[in-house]
Protein chains: 2
Amino acid sequence: MTKIAKPPKRQIILEEAAKLFKDKGYGGTSMRDIAGQVGMEAASMYNHIKSKDEILDSICFRISDVYIAHLREVEELPLSFGEKVRVLIRLHIQLMVEDGPAVSVANHDWKYLPNARLTEFTTARRQYEKGFAALIAEGIAAGEFQAVNPTVALFTILSAVRWVELWFQPGRSLSAQELEDHIITMLLKGLEQR
Amino acid sequence: MTKIAKPPKRQIILEEAAKLFKDKGYGGTSMRDIAGQVGMEAASMYNHIKSKDEILDSICFRISDVYIAHLREVEELPLSFGEKVRVLIRLHIQLMVEDGPAVSVANHDWKYLPNARLTEFTTARRQYEKGFAALIAEGIAAGEFQAVNPTVALFTILSAVRWVELWFQPGRSLSAQELEDHIITMLLKGLEQR
DNA sequence: CCTACCGATCGGTAGG
DNA sequence: CCTACCGATCGGTAGG
């Protein structure tokens, strides 16, 4: 008999929880809601997860790890600053499209993490923001970018990319690829005629 | 004895509720939490409000009414499309700075409105988005703006302005005025050197 | 505006 | 993985 990988129940619980947290919020989602989606009793889930907090923790840190890995990779690429920013924007949108519910939870529900972990999460995010802002500042210094406020530019980019979550749905008129192109044009070239 | 206007308790309840909803989410905020901030028992609040739902309703529709009024005013002003978009961005940021918690609730917790009112709210928001997108489309037709996708431009603008909520705090290095200027530059002129 | 209280539901545990 | 159940807390009402 060949060993066949069992579908990991923990994974299923995390995925269903992410969808529910996105739709109803962390506080608005009960363990019984999640259990209902997974197809077991609430009590049974505790064989796979430690607590409701731990579900949130797993989702948030998995996503923040991906963000930081992306940043480190892009920093090492032999590209202009304009190209680096473009790649980061594309990676953001792709992660949102592929892993929407988890990204949404990491963006909105991280604040319900228990205190110790909340500090760690905030630190990780701040580290990401610093690295991204540094790319922008270097691009300005190199004459590639206009002399905007790097922090304002950073948050404008991050927020533009974030709204994709509320807005993008497969089968809508725009493909993910087209959406990336349009957002990049808007952010890098601006709205007004040159 | 001259009649002195009593501080309207209902107002106080709505304000404290908005702050708590912003921080802990609608589902994560209990009537007892709100009562504690207001300084009365939970049961006593029902002399001033009908239900927890009704608190959310009041906050959300007050804000959406302001947004739509702003749009209607700006549409009538004798300005270029570039100037109209600039005015709308400034009004957004100003409302966020002056009425932060309520704007935050209208942006995030509207989805917990009971079904009938949720439809009304979504309709109002869609109406606002349509009007704003039309200004952008007309600006493109008039040759003022680049040929971006109007919907993408709209959401890039709305989301950039929305992040101010998470980010702006009085006494930070930037004033509200400077923040407006920087965001407008970034959105209208773009990041990249011309 | 308060005390007292309702039925429902919460996250989680015991024990199998 | 389930049944049975815990104490705590929820939104809201009765009655004053």
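In what follows, chains carry the letters A, B, and so on, assigned in the order in which the sequence lines appear, proteins first and then strands, with residues in each chain numbered from 1.
With DNA chain D read from its 5' end, the first of the two nearest nucleotides for A/Arg32 and A/Ala42 is the one closest to A/Ala42.
Taking atom OH on A/Tyr46 and atom C1' on C/dT13, their separation rounds to 9 Å, with Å as the unit. For the pair B/Met31 CE and C/dC5 C1', the computed distance is 17 Å after rounding to whole Å. Between B/Asn47 atom CG and D/dG12 atom P the separation is 14 Å, expressed in whole Å. What separates OH of B/Tyr112 from C1' of D/dG11 is a distance of 17 Å, to the nearest Å. What separates CD1 of A/Ile13 from P of C/dG12 is a distance of 13 Å, to the nearest Å. For the pair B/Asp33 CG and D/dC10 P, the interatomic distance rounds to 6 Å; values are reported in whole Å. B/Lys52 has its NZ atom 9 Å from the P atom of D/dC10, to the nearest Å. Put simply, CD on B/Glu54 is 10 Å from P on D/dG12, counting in whole angstrom units.
At C/dC1, one or more side-chain N or O atoms of B/Lys9 fall inside 4.0 Å of OP1 or OP2 (strictly under the cut-off). Between C/dC2 and B/Ser44, a contact under 4.0 Å exists linking OP1 or OP2 to a side-chain N or O. Listed pair B/Ser30 / D/dC10 meets the phosphate criterion, a side-chain N or O lying under 4.0 Å from OP1 or OP2.
Ranking D/dC1, C/dC2, D/dG11 by closeness to the B/Met40 side chain, first place goes to C/dC2. Listed candidates were D/dT3, C/dA4, C/dG12. Nearest to the side chain of B/Ala43 is C/dA4. Between C/dG12, D/dC1, C/dC1, one nucleotide has an atom nearer to the side chain of B/His48 than all others, and that is C/dC1.
Within the 3.5 Å criterion, the main-chain N or O of B/Glu75 finds a donor-acceptor partner in the side chain of B/Lys84. Judged by distance alone, the side chain of A/Arg32 and the main-chain N or O of A/Ala42 form no donor-acceptor pair under 3.5 Å.
Using the Watson-Crick or G-U wobble rule with both distances under 3.5 Å, C/dG15 pairs with D/dC2. In this structure, C/dC10 forms a base pair with D/dG7, meeting either the Watson-Crick or the G-U wobble geometry with both donor-acceptor distances under 3.5 Å.
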| message | Could you go through B/Val152 and A/Leu174, starting from their C-alpha distance and side-chain angles, then the distance that decides it, and tell me whether this counts as side chain to side chain contact (heavy atoms under 4.5 Å, CB included)? | response | CA-CA 10 Å; B/Val152 171; A/Leu174 287 180; 3.9 Å; yes

| field | Stepwise side chain to side chain contact (heavy atoms under 4.5 Å, CB included) test for A/Glu54 and A/Arg117 | value | CA-CA 10 Å; A/Glu54 195 236 351; A/Arg117 294 293 278 168; over 6 Å; no

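Using cut-offs of 30° and 60° for the angle between ring planes, the A/Phe21 and A/Tyr26 rings count as perpendicular.
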